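All values reported here derive from a predicted model rather than from experimental measurement.
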Amino acid sequence: QVQLVESGGGSVQPGGSLRLSCAASGTLFTIHDMGWYRQAPGKQRDLVATITNGGSTNYADSVKGRFTISRDNAKNTVYLQMNSLRPEDTAVYYCYAVASYPASPTHYGYWGQGTQVTVSS
């Protein structure tokens, strides 16, 4: 079992910055893809950015050029640097990770508990 613990959310004015972190813990696992999703009130959960364990990244069009995803494989941690924040970025941000275990081809998906990001003047 993998646990994902997020940190770094909060309130910021438009144009401000925040950095989210998500650390994976557990035993005998390998982390593959990691990513961030967000869910605004009354809306579905949408992809924000993903990163493979080789460092390849993918971003939603709405955050390209403003958000940067990165990871530290030694720490099983993924980060999301969010710059030039807008009110429409307000949402609960969820960390996601794909993990596998020794001697098994199955990959499992795990979610963090979510962290609130509010952008408001």
Between [Y] and [X], is there a side-chain heavy-atom distance shorter than 4.5 Å?
X      : Y     : answer
Tyr93  : Val48 : yes
Thr57  : Ile69 : yes
Asp89  : Met82 : no
Val63  : Arg38 : yes
Val78  : Ile31 : no
Ser100 : His32 : yes
Pro14  : Pro87 : yes

Is there a continuous path of hydrophobic side-chain contacts, each under 4.5 Å between heavy atoms, that joins [X] to [Y]?
X     : Y      : answer
Leu80 : Val5   : no
Leu18 : Tyr79  : no
Tyr59 : Tyr96  : no
Tyr94 : Val117 : no
Trp36 : Val92  : no

Return yes if some donor-acceptor pair links the side-chain N/O of [X] with the main-chain N/O of [Y] below 3.5 Å, else return no.
X      : Y      : result
Glu6   : Gly114 : yes
Asn73  : Asn53  : yes
Thr90  : Val119 : yes
Tyr101 : Gln1   : yes

Closest non-hydrogen atom pair between [X] and [Y], with its separation:
X     : Y      : value
Leu4  : Cys95  : CD1-O, 3.9 Å
Ala24 : Val2   : CB-CG1, 4.0 Å
Ala91 : Gln116 : O-NE2, 3.4 Å

Say you draw a straight line from [atom1] of [X] to [atom2] of [Y]; how long is it, rounded to the nearest 0.5 Å?
X     : Y     : atom1 : atom2 : value
Arg66 : Thr68 : CZ    : OG1   : 11.0 Å
Leu47 : Ser62 : CG    : OG    : 9.5 Å
Thr27 : Gln3  : OG1   : CD    : 8.5 Å
Ser21 : Gln81 : OG    : CD    : 9.5 Å
Arg19 : Ser7  : CZ    : OG    : 9.0 Å
Thr50 : Met34 : OG1   : CE    : 11.5 Å

### Query
Is it true that Lys64 and Asp61 have a side-chain N and a carboxylate O under 4.0 angstrom from each other?
yes
### Query
Aromatic rings Tyr37 and Trp111: how do their planes relate, parallel, tilted or perpendicular, breaks at 30° and 60°?
perpendicular
